[in-house]
Amino acid sequence: MTALRMGLPSGLSRRLTFLFAVAAGAAISNLYWTQPLLGSIAGDLTTTTATAGWLVTAAQVGYAVGVLLLVPLGDVLDRRRFVPVMLLASAAALLLCALAPSIGVLLLALGVLGVTTISGQVLTPLAGDLAGDAHRGRIVGVVGSGTLTGILASRTISGFVAGAAGWRTVFVLAAVVAVLLAVLLYRAIPPLAPRTRMPYPQLIASVVAVVMREPAARWTLVLAATGFATFSLFWTALTFLLSGPPFRYPVAVIGLFGLAGLAGVLSGLHGGRLHDRGWSLPATGAAWVLALSAFVVAAFAGRSVVLVIVAIIMIDVALQTQALLSRARLFALSHEARSRLNTALATGNFIGAAIGSAAATTLWSARGWTAVTITGTALCCFALIVWAMGRRGPLVIRSAVTEGPITDRSETSLNRAAGAK
């Protein structure tokens, strides 16, 4: 509801912005429905919990494939049609999940679901296109906060629905929501001509070309991936901390700690204003200082639930703010290639999150919470070094990325004017 109270530009109405945020949150939720259901699914499909654990991996791997192969199409297709088609495809995959007679079919269905549930990654750059330069950070923040809300809420909703009506009902209801959103978005998204035209192989190859052409993109992607690695490191290890001594909390109680992450949603809603006011680089540095401070607090939280909650709030605010600023800065680099830049961002973030999660497991086995907090502190220091080295050079946005080389500032100005229209 916060988004509805914001003064949004006429190019993207409050209602449409809210709809984008809801759709992005619903899409990303499809990757997390199964996490609290693994025990129920294993019992129903007569398999082991360890085998059922691969269901989450199947959805994540499918999502990575979809981001790499489908999200770039947002730059060359009519997104008014593309987004609803992806939502309908994900609805079909969700129904297949609900009807799966065996663990093998469910694994396949979740892989397909991951590939097709990329509409949020198309809607975010679309929101950036519709918002205009003066309000882009704020609008991207609202839609990005919808994504984070979906991640936080999906596990709670899934567990509640499954407890009342069974795990298959979760996928049926998600399919109904996807169809409803497809209809609403088809009617609400304004007609937009594709930003560029090129053959599909060239389009996929140009993801790398667009990133390599602009130093600010490469340096921003490093900061963003580091942020997701740090975020995943903390949250994965936190589960180990809270489930073991001295806390020994059950899974249901551990899940409630995720509600403290709503602070990150609020920072996303308002942090975009910092980008719109030209404070992106100073705010990024401040966010990383806050993240570093959070790990210092976390180092003393091994036996204090209060300090754990304080650390959660600090880390979520810091890392969600820097994630938003990274996305808004990337979108400011290009008018023609926002979907491809978002592909690079999502891919880098996925890799960073996977590394952070794996590191948390390894570090916990070696030296526990102490090793995790030391590593998190080191990652924050690395990010601050990158920020300090780039804030007066490679991280400064000097021009827009185009499909060809920019010959002079007048051409850049024309591109920006075209994008504003």
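Keep in mind it's a predicted model, so treat the numbers as computed, not measured.
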Requested in this report: Could you tell me whether the side chain of Asp75 and the main chain of Ser339 form a donor-acceptor pair under 3.5 Å?
Outcome: yes
**Report entry** Close side-chain approach of Asn30 and Phe171, heavy atoms under 4.5 Å
**Finding:** no
Query - Heavy-atom donor-acceptor pair, Thr373 side chain to Thr370 backbone, under 3.5 Å - result: yes
Requested in this report: For the pair Leu130 and Phe20, evaluate side chain to side chain contact (heavy atoms under 4.5 Å, CB included) and give the outcome as yes or no after the intermediate values.
Outcome: CA-CA 12 Å; Leu130 295 173; Phe20 276 24; 4.3 Å; yes
Query - 4.5 Å side-chain heavy-atom contact, Asn342 and Phe331 - result: yes
Query - pair Thr230-Leu319: side-chain heavy atoms closer than 4.5 Å - result: yes
Report summary line: The reported gap from CG in Leu113 to CG in Leu108 (rounded to nearest 0.5 angstrom) is 11.0 Å
**Report entry** Test side chain to side chain contact (heavy atoms under 4.5 Å, CB included) applied to Asp316 and Trp235, step by step
**Finding:** CA-CA 10 Å; Asp316 268 41; Trp235 277 99; 3.1 Å; yes
Query raised in the report: Is there side-chain contact between Ser102 and Leu45, with heavy atoms separated by less than 4.5 Å?
Result: no
**Report entry** Proximity of Phe350 and Tyr63 rings by center, below 6.0 Å
**Finding:** no
**Report entry** Neighbour count above 12 (heavy atom, 6.0 Å) for Phe160 CZ
**Finding:** no
Report task. Supply the atom-to-atom distance Ile355 CD1 to Ser232 OG, rounded to the nearest 0.5 angstrom. Result -> 10.0 Å
Query raised in the report: Under a 4.5 Å cut-off applied to non-hydrogen side-chain atoms, are Trp167 and Val161 in contact?
Result: no
Query raised in the report: Does Ala301 offer a backbone N or O that forms a donor-acceptor pair with the side chain of Ser304 under 3.5 Å?
Result: no
Report summary line: Closest non-hydrogen contact found for Arg79 with Ile189 is O-CD1, 4.1 Å
Report summary line: CG of Leu292 to CE of Met314, rounded to nearest 0.5 Å, is 9.0 Å
Report task. Taking the side chain as every heavy atom from C-beta outward, state whether Val76 and Leu73 have any pair of such atoms under 4.5 Å apart. Result -> yes
**Report entry** Any donor-acceptor N/O pair, Arg338 side chain to Ala332 backbone, under 3.5 Å
**Finding:** no
Report task. Over all heavy atoms of both residues, which pair between Phe82 and Gly74 is shortest? Give the atoms and the distance, please. Result -> CE2-N, 4.0 Å
Report task. Look at the side chain of Arg329 and the backbone N and O of Thr220, then say whether any donor-acceptor pair between them is shorter than 3.5 Å. Result -> no
Query - 4.5 Å side-chain heavy-atom contact, Pro125 and Leu341 - result: no
Query raised in the report: Any cation-pi pair here, Arg80 with Tyr186, using under 6.0 Å and within 45°?
Result: yes
Query raised in the report: Any donor and acceptor pair, going by atom type alone, linking the side chain of Thr226 with main-chain N or O of Ala383 inside 3.5 Å?
Result: no
**Report entry** CH2 on Trp288 to CH2 on Trp387, rounded to 0.5 Å
**Finding:** 12.5 Å
Requested in this report: Dump the intermediate steps for side chain to side chain contact (heavy atoms under 4.5 Å, CB included) on Leu330 and Leu333, then the final yes or no.
Outcome: CA-CA 5 Å; Leu330 283 177; Leu333 284 171; 3.9 Å; yes
Query raised in the report: Between Arg168 and Ala98, is there a donor-acceptor pair closer than 3.5 Å when you use the side chain of the first and the backbone of the second?
Result: yes
Query - Closest non-hydrogen atom pair, Trp369 against Ala298 - result: NE1-O, 2.7 Å
Query raised in the report: Has the side chain of Thr47 got a donor or acceptor atom that lies under 3.5 Å from a matching backbone atom of Gly43?
Result: no
Report task. Count the heavy atoms of every other residue, nucleotide or ligand shown that sit under 6.0 Å from CH2 of Trp364, and state whether that count exceeds 12. Result -> yes
Query raised in the report: CZ/Phe257 to CD1/Ile309 distance, rounded to the nearest 0.5 angstrom?
Result: 5.0 Å
Query raised in the report: Rounded to the nearest 0.5 Å, how far apart are CD1 of Ile204 and CD of Gln202?
Result: 11.0 Å
Query raised in the report: Between Arg327 and Val140, does a side chain to side chain contact (heavy atoms under 4.5 Å, CB included) hold up when you go through it step by step?
Result: CA-CA 8 Å; Arg327 177 171 273 114; Val140 171; 3.6 Å; yes
Requested in this report: State, to 0.1 Å, how close Val115 and Leu70 come at their nearest heavy-atom pair, and which atoms those are.
Outcome: O-CD1, 3.6 Å
Report task. Kindly say whether Gly150 contributes a backbone atom to a donor-acceptor pair with the side chain of Ser29 at under 3.5 angstrom? Result -> yes
**Report entry** Side chain to side chain, Val179 and Leu87, heavy atoms closer than 4.5 Å
**Finding:** no
Report summary line: Minimal heavy-atom distance between Ala58 and Leu107, with the atoms involved, is CB-O, 3.7 Å
Query raised in the report: Between the side chain of Ser206 and the main-chain N/O of Ala209, is any donor-acceptor distance below 3.5 Å?
Result: no
Query raised in the report: Do you know which two heavy atoms are closest between Leu325 and Ala283, and how far apart they sit?
Result: CD1-CB, 3.6 Å
